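See structure below.
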Amino acid sequence: MVQRPPSAAVLVLHGGRETGTEPPPPGLLNLPGTRMRPFVRALGRAATGAGSGVLVRQVRYGHRGWNGDRADPFHDAVAALDALRDEAGDGLPVVLLGHSMGARAALRAAGHPLVRGVVGLAPWCPPGDPVTQLADRDVVLVHSNRDRLTSPQASQSLTARARRAGARTCMITVRGGDHAMIRRAPAWHRVTTALVLGLLGSGSLPAPVGAALALPATAEATEGTLDLDLDLGAGAGPAGRPPTAVPPRR
């Protein structure tokens, strides 16, 4: 049987450390990589069930840390995008899905021609990081209000800075979650899958997210900030209000 080429792709970037020039440990010993496996499985199941032909691939790091101006995982992300372009062509739409340090790398690499959007989970967003590369991209950051390792306030600030630079942005707050995304894990998995496939046009994007992405560049950061439970109804359990949806994005 001839396998059809992918219609879109997701590149997954796990977290890491501020510094660390040694390579990540192999297999399950790489805890940040292991943490993303449920997201990879959820995306794979959803993409297969929808018959969408979405390729889900994880980025391999040469070093465990960001390492200051070296920004090692950013270069790994760009190399993975270049390899994907060589494999599938220039027209393949890609969403970058990153956690913590991986989200920082995804945001930095979003200027690559293949990238259509970024979904950042508990992202590391230093205030001096650039945002001009995010112009004409969709950027959704998902952050727990109880995160003690990375700052939800910094994520909210980045959405406003990026919007002024020409990006379409939104932030989603997960009440009662944590940086490792263990608390309320099913809610993290569900909303992430909906966001990624929605941004790729392979699923329906929740309507409140679509409205936030359509805000003008002058909008305040709070205007583009949603509450996972109150605004999306995700993770609220069987009795929770299901999210409304907008047509798939193209």
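As the structure is a prediction and not an experimental result, all values here were calculated from the model. In what follows, residues are counted from 1 in the order of the sequence shown.
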V131 vs L107, test: side chain to side chain contact (heavy atoms under 4.5 Å, CB included). Steps then yes/no. CA-CA 8 Å; V131 294; L107 290 165; over 6 Å; no
Please examine the side chains of [Y] and [X], heavy atoms only from C-beta on, and report whether any two atoms are closer than 4.5 Å.
X    : Y    : value
R184 : V174 : yes
R104 : P126 : yes
C125 : T150 : no
P38  : W188 : no

Given the rule that I, L, V, M, F, W and Y join up when any side-chain heavy atoms are under 4.5 Å apart, are [X] and [Y] in one cluster?
X    : Y    : result
V196 : M181 : yes
L200 : L213 : yes
L97  : L84  : no
V118 : L199 : no
V139 : V209 : no

Check [X] against [Y] and note the closest heavy-atom contact, atom names and distance.
X    : Y    : answer
P6   : A88  : CG-CB, 4.4 Å
V78  : A109 : CG2-CB, 4.1 Å
A194 : L205 : O-CD1, 4.4 Å
S144 : G176 : OG-C, 4.4 Å
P93  : S7   : CD-O, 3.3 Å
T225 : A221 : OG1-O, 2.9 Å

Taking [X] for the side chain and [Y] for the main chain, is one N or O donor matched with an acceptor at less than 3.5 Å?
X    : Y    : answer
N67  : G20  : yes
N30  : P26  : no
R175 : T173 : no
S100 : G102 : no

Stepwise side chain to side chain contact (heavy atoms under 4.5 Å, CB included) check, L226 with M171: CA-CA 6 Å; L226 305 174; M171 177 175 168; over 6 Å; no
Pair H112-R85, side chain to side chain contact (heavy atoms under 4.5 Å, CB included): steps then yes or no: CA-CA 10 Å; H112 192 281; R85 180 170 56 184; 4.0 Å; yes
Please state whether the rings of H99 and H179 are parallel, tilted or perpendicular, taking 30° and 60° as the class boundaries.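 Geometry flag for H179 against H99: tilted rings.
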Residue among D129, D72, D76 satisfying salt bridge (Lys or Arg N to Asp or Glu O under 4.0 Å) with R108: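 So the option named by the test is D129.
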My understanding is that only one of R168, R163, R116 makes a salt bridge (Lys or Arg N to Asp or Glu O under 4.0 Å) with D138; could you say which?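 Of the listed residues R168, R163, R116, the salt bridge (Lys or Arg N to Asp or Glu O under 4.0 Å) partner of D138 is R168.
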Spatial distance of atom [atom1] ([X]) from atom [atom2] ([Y]) [nearest 0.5 Å]:
X    : Y    : atom1 : atom2 : answer
T34  : L31  : OG1   : CG    : 6.0 Å
N145 : D178 : CG    : CG    : 11.0 Å
L43  : L197 : CG    : CG    : 6.0 Å
I172 : L232 : CD1   : CG    : 5.0 Å
H75  : R70  : NE2   : CZ    : 9.0 Å
T159 : H143 : OG1   : NE2   : 12.0 Å

From V59, V56, L55, residue fulfilling side-chain contact (heavy atoms from CB on, under 4.5 Å) relative to L11: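 Among V59, V56, L55, the one that satisfies the side-chain contact (heavy atoms from CB on, under 4.5 Å) with L11 is V59.
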Could you point out which residue of T193, T192, V191 forms a side-chain contact (heavy atoms from CB on, under 4.5 Å) with L195?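 When side-chain contact (heavy atoms from CB on, under 4.5 Å) is applied between L195 and each of T193, T192, V191, only V191 qualifies.
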Do other residues, nucleotides or ligands put more than 12 heavy atoms under 6.0 Å from the CZ atom of R60?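 Counting neighbours around CZ of R60, 12 or fewer heavy atoms of other residues, nucleotides or ligands fall under 6.0 Å, so no.
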Centroid separation under 6.0 Å, is that true for the rings of Y61 and H14?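 Yes: the rings meet the under 6.0 Å criterion.
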Looking at R64 and E18, does any basic side-chain N land under 4.0 Å from a carboxylate oxygen?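 Result for this pair is no, no salt bridge flagged.
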For V94 and L81: C-alpha separation, side-chain torsions, deciding distance, then whether side chain to side chain contact (heavy atoms under 4.5 Å, CB included) applies. CA-CA 9 Å; V94 176; L81 285 163; 3.9 Å; yes
May I ask you to check if R17 and W66 form a cation-pi contact, with NZ or CZ under 6.0 angstrom from the six-membered ring centre and within 45° of the axis?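 Ring-cation test returns no.
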